[in-house]
S.K.: 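The following block contains the structure, expressed as structure tokens.
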Amino acid sequence: MQIVRVALDVPLPTLFDYTVDDAVVLGQRVIVPFRRSQLVGVVMECVMFSELAVEKIKPVVRILSDSEPISSKLLALLRFCSEYYHYPIGQTVIPALPARLRSDKPITVKHEYHYRLLDGAPPIDLIPQRKTAARNMVKMLALQPCNLQQLKTVALTASAQLKWLIEAGWVEAFEVNPLACLPRMHCFANAHKLTDEQQQVVDAVTQTSGYRCFLLHGITGSGKTEVYVHLINRVLQTGGQVLLLVPEINLTPQLEHYFLSRFPVATLVSLHSGLSENERLKHWQQAQSGAAGIVLGTRLSVFAELPKLSLIIVDEEHDASFKQQDGLRYSARDVAIFRAKQCGVPILLGSATPSFESYHNALNGRYEMLKLTGRALADANLPEIKFIHSKQTVMVDGISEVLLREIAHRITRGEQSLLFINRRGYAPVLMCTECGWLSDCKNCAGKMVLHTKDQRLRCHHCGYQIHVPTLCPECRHPELLPVGSGTQRVERVLIDRFPEARILRVDRDSTRNKRTWEAMRSKITANEVDIMVGTQMLAKGHDFPALTLVGILNPDSALYSSDFRAAEKLFSQLMQVSGRAGRADKPGEVLIQTEFPDHPMYRCLQQHDFEGWAASQLAEREMADFPPFAFQAMLRAEGLVEADVYAYLNMAKLAGVKLNHPVEIFGVVPASLARRANHVRAQLLIQANSRRVLQQFLRVWQPGLADLASNKLRCSLDIDPLEF
DNA sequence: AGCACGCCGACT
DNA sequence: GTCGGCGTGCTC
């Protein structure tokens, strides 16, 4: 009989000891009694003795052996995360698994159909010329057997053609185990010729052996994706696995389709929260068995099992969505770097506007800087960026006359325009012209946003909504004025001004279900839209070939935000949305409405000068002792009673000061949204000049924090926070 | 986090 | 007398 130490999904920093009679392997899932119920846990350690009194230790109920154990490498990665982010080990390990592995429901692997050419299949010429789809499919099947998904990348009507080919006796279906590592006869990409610059990047990465972190700084349109394709191709040829991390879920289906089409016969799986439990399990297991050569996923896929991992790519590495904002508050980019180090493989961080953290590391030599400076399509030029001084121009409901005229030109030329405004709704606040009443949310410190579509005032923080009042709730005055504009108002203005134009609004309200956004995208690509109005949803994603004008409406607020990263974020957002304008044959133009056209941020943006911008900002950050020159942790608390929240944080601060470590402990301050859903929120910032010092402090300070908090408070510790 | 145990106010 | 309020404490 031996003791196993098991990780359980409970908010306690420890493992739990159980006895087992049968042979048990590290990383295996077990059902154990816990309190009055049973839980699924993962065996983290096998030991001979326990520190606990014998009578307290219960036996394992059952060992689950219908799935492969978690590798000790992944367990080590999860242990590291638990320690680095100071989060309970069980709540780190268990939620990293697909939901099906967190339950005791039996796991079965269903076989799937693949298709292959029969011996008697006719040469390609015998298939009628007009049956292009069938011909493409036969060509692909001649390389190696494929599944339906792969065939669909060469033939839209794959299902129907397949039926025809099977009935003709040329193709047959056969069962395969999706977890089996099929021999990869052909995994080649439909590779395009690389520019010299791109080739140099590919060479630099492929010539590395062992761990190395590369920062690929490539302007929009410089062909980063083609570099990824070539690198992935190399890895697949040697039988390795690639992890490709991408920011958002709404980007994944297109990207998946794109990479499938580039690697028609490789096994690619996606991992993101949009998958069903069964799909997620299957994809995870395909990664675990090595059957999947490419794993494409959002931040959670950084915890996928990858036995043959040979390369990690983090695309849009600056994107804030790589940071999880609840539970284990990890940065998938940073975890990926640790993982690459652990596995001894290269990692490539790609971005047109790298985070200052990564850029700084590339400048000081911790990472290797790689650059793509030219647009891959030789004659494609960067868009011309111009400013409209919003205080010196005639404005129609927040849109300048100049911009409206330019939109009109695009309409007559059959080109598209995009108006970018980072606010949804009609107006961000409603005001009484008589007494100055503002549409405050009764539950939050924020304002309720006016939505004219359903005549409601809605709080974007807590979801509370009311009907738009006809009289001022304070003074009964009948005149209430919408202040500022959001996407709906801009859309309204455009409809009035261009009644014939086809206008499309793209924001979270207009794309309720995820199918809609897909439909909208194809409408835009088919040039069935003249003007798009939208939030940052429009900044990301694939190219819109007919788009030649981007208008940006009053983005200034980020320039005087209390968040020191706001300007960094705005710059990359504007760079990204600007990059949507213009193609090889049609130059793009960007018009920015601002009160501060001389602000250094806009100057650098106009010159497409990321280097200059980064240099000036890094200098400021260094002077002010901000990241990346300092390392931070944020303790947050929220609760119903203001005094409790502040008392807790002040006690925590006092406890920290007493430890007398070389860290700076700032004051307890209200969170940027001081009240949300009736909960008072405040925070305490800790800063040190090295990761090591910060971690040393947290190791002593953090364990006591839970005892200080009453159960009425919700607290969290955020390491390397992005939000303030 | 749950979910027990435990000690004080208004009810048949 | 008891039903139930939510404060404290433990989970291998």
Side-chain angles (χ1 to χ4, degrees), chain A residues 1-64 69-70 75 78-79 81-83 85-97 99 101-104 300 324-330 635-649 651-652 655 676-681 702-719:
Chain A
M1 196 176 74
Q2 59 173 332
I3 305 284
V4 283
R5 314 206 66 217
V6 177
L8 297 174
D9 191 1
V10 290
L12 295 166
T14 53
L15 297 173
F16 294 86
D17 296 2
Y18 293 89
T19 57
V20 257
D21 297 320
D22 306 310
V24 67
V25 177
L26 273 186
Q28 238 171 351
R29 294 153 60 233
V30 287
I31 301 177
V32 293
F34 189 79
R35 284 292 198 114
R36 303 169 74 245
S37 63
Q38 296 189 344
L39 297 175
V40 173
V42 169
V43 176
M44 300 294 287
E45 291 170 30
C46 297
V47 291
M48 296 312 287
F49 304 101
S50 171
E51 314 263 290
L52 257 83
V54 185
E55 64 274 14
K56 280 192 140 182
I57 306 178
K58 298 177 186 174
V60 165
V61 174
R62 192 149 61 90
I63 300 172
L64 298 170
I70 314 300
L75 292 182
L78 292 164
R79 260 183 209 275
C81 289
S82 164
E83 280 162 28
Y85 292 107
H86 298 269
Y87 200 67
I89 180 70
Q91 293 196 303
T92 304
V93 172
I94 307 300
L97 305 178
L101 293 181
R102 286 179 245 154
S103 87
D104 55 358
L300 59 88
Q324 173 107 52
Q325 293 297 5
D326 53 68
L328 176 76
R329 293 169 172 260
Y330 66 99
L635 180 66
R636 297 176 221 269
E638 62 177 81
L640 288 167
V641 185
E642 180 168 8
D644 292 352
V645 174
Y646 283 83
Y648 165 71
L649 288 175
M651 281 195 309
R676 187 169 92 179
N678 273 326
H679 286 253
V680 177
R681 311 163 80 225
Q702 190 272 339
L705 291 177
D707 306 332
L708 292 175
S710 86
N711 54 0
K712 290 179 292 186
L713 293 182
R714 279 192 41 165
C715 317
S716 66
L717 184 62
D718 191 350
I719 315 299

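Order of the sequence lines fixes the chain letters, A, B, ..., with proteins taken first and strands second; residue numbering starts at 1 for each chain.
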S.K.: So, using salt bridge (charged side-chain N to carboxylate O under 4.0 Å, His left out) as the criterion, who are the partners of A:Arg676 when residues are at least two apart?
M.R.: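 Salt bridge (charged side-chain N to carboxylate O under 4.0 Å, His left out) check on A:Arg676 returns nothing, list empty.
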S.K.: Identify the 5'-most and 3'-most nucleotides of DNA chain B with at least one atom closer than 4.0 Å to a non-hydrogen atom of chain A.
M.R.: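 Result: B:dA1 to B:dA4.
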S.K.: Under 4.0 Å between any heavy atoms, over every strand shown, what does A:Arg36 touch: base, sugar-phosphate, or nothing? Just pick one.
M.R.: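 A:Arg36: backbone/sugar contact only, no base atoms under 4.0 Å.
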S.K.: Rounded to the Å, how far apart are A:Phe34 CZ and C:dT11 P?
M.R.: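 Rounded to the whole Å, the gap is 9 Å.
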S.K.: In whole Å, I'd like the distance from the CD1 atom of A:Ile57 to the C1' atom of C:dC12.
M.R.: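 A:Ile57 atom CD1 is separated from C:dC12 atom C1' by 7 Å.
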S.K.: List in chain and number order the residues that pass salt bridge (charged side-chain N to carboxylate O under 4.0 Å, His left out) with A:Lys712, two or more places apart in sequence or in another chain; answer none if no residue qualifies.
M.R.: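 Result, salt bridge (charged side-chain N to carboxylate O under 4.0 Å, His left out) vs A:Lys712: A:Asp644.
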S.K.: Which protein N or O atoms sit under 3.5 Å from an N or O of nucleotides 6-9 of chain C?
M.R.:
unit_1, atom_1, unit_2, atom_2, d
C:dG9, N2, A:Arg35, NH2, 3.2

S.K.: Describe the nucleic acid contact of A:Leu12 in one word from base, sugar-phosphate, nothing, applying a heavy-atom distance below 4.0 Å.
M.R.: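 A:Leu12: base contact, heavy atoms under 4.0 Å.
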S.K.: So, does A:Lys58 get its side chain near the phosphate of C:dC12, meaning an N or O under 4.0 Å from OP1 or OP2?
M.R.: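 Yes, A:Lys58 has a side-chain N/O under 4.0 Å of OP1/OP2 on C:dC12.
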S.K.: Roughly how far, to the nearest 0.5 Å, is CD1 of A:Ile63 from CZ of A:Arg29?
M.R.: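 Reported to 0.5 Å precision, the distance equals 12.0 Å.
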S.K.: For A:Glu45, check side-chain hydrogen bond (donor to acceptor under 3.5 Å, both in side chains) against everything at least two apart and list the hits.
M.R.: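 Per chain and number, A:Glu45 pairs via side-chain hydrogen bond (donor to acceptor under 3.5 Å, both in side chains) with A:Arg79.
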S.K.: Tell me, do A:Val93 and A:Ile70 make a side-chain contact under 4.5 Å, heavy atoms counted?
M.R.: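 No. Closest side-chain heavy atoms not under 4.5 Å.
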S.K.: Without decimals, in angstroms, what is the distance between A:Phe16 CZ and C:dT11 P?
M.R.: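 In whole Å, C:dT11 P lies 9 Å from A:Phe16 CZ.
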S.K.: Whole angstrom is fine here: how far is it from CD in A:Glu45 over to C1' in C:dC12?
M.R.: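 My rounded result for the distance is 13 Å.
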S.K.: Do A:Met44 and A:Leu78 have side chains that get closer than 4.5 Å, going by heavy atoms?
M.R.: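 Not touching, per the 4.5 Å side-chain cut-off.
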S.K.: For A:Tyr330, give me all partners under ring pair (Phe, Tyr, Trp, His ring centres under 6.0 Å), at least two apart in sequence or on another chain.
M.R.: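 By the ring pair (Phe, Tyr, Trp, His ring centres under 6.0 Å) rule, A:Tyr330 matches A:Phe303.
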S.K.: Within the 4.5 Å heavy-atom criterion, are A:Leu705 and A:Leu635 side-chain neighbours or not?
M.R.: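 In contact.
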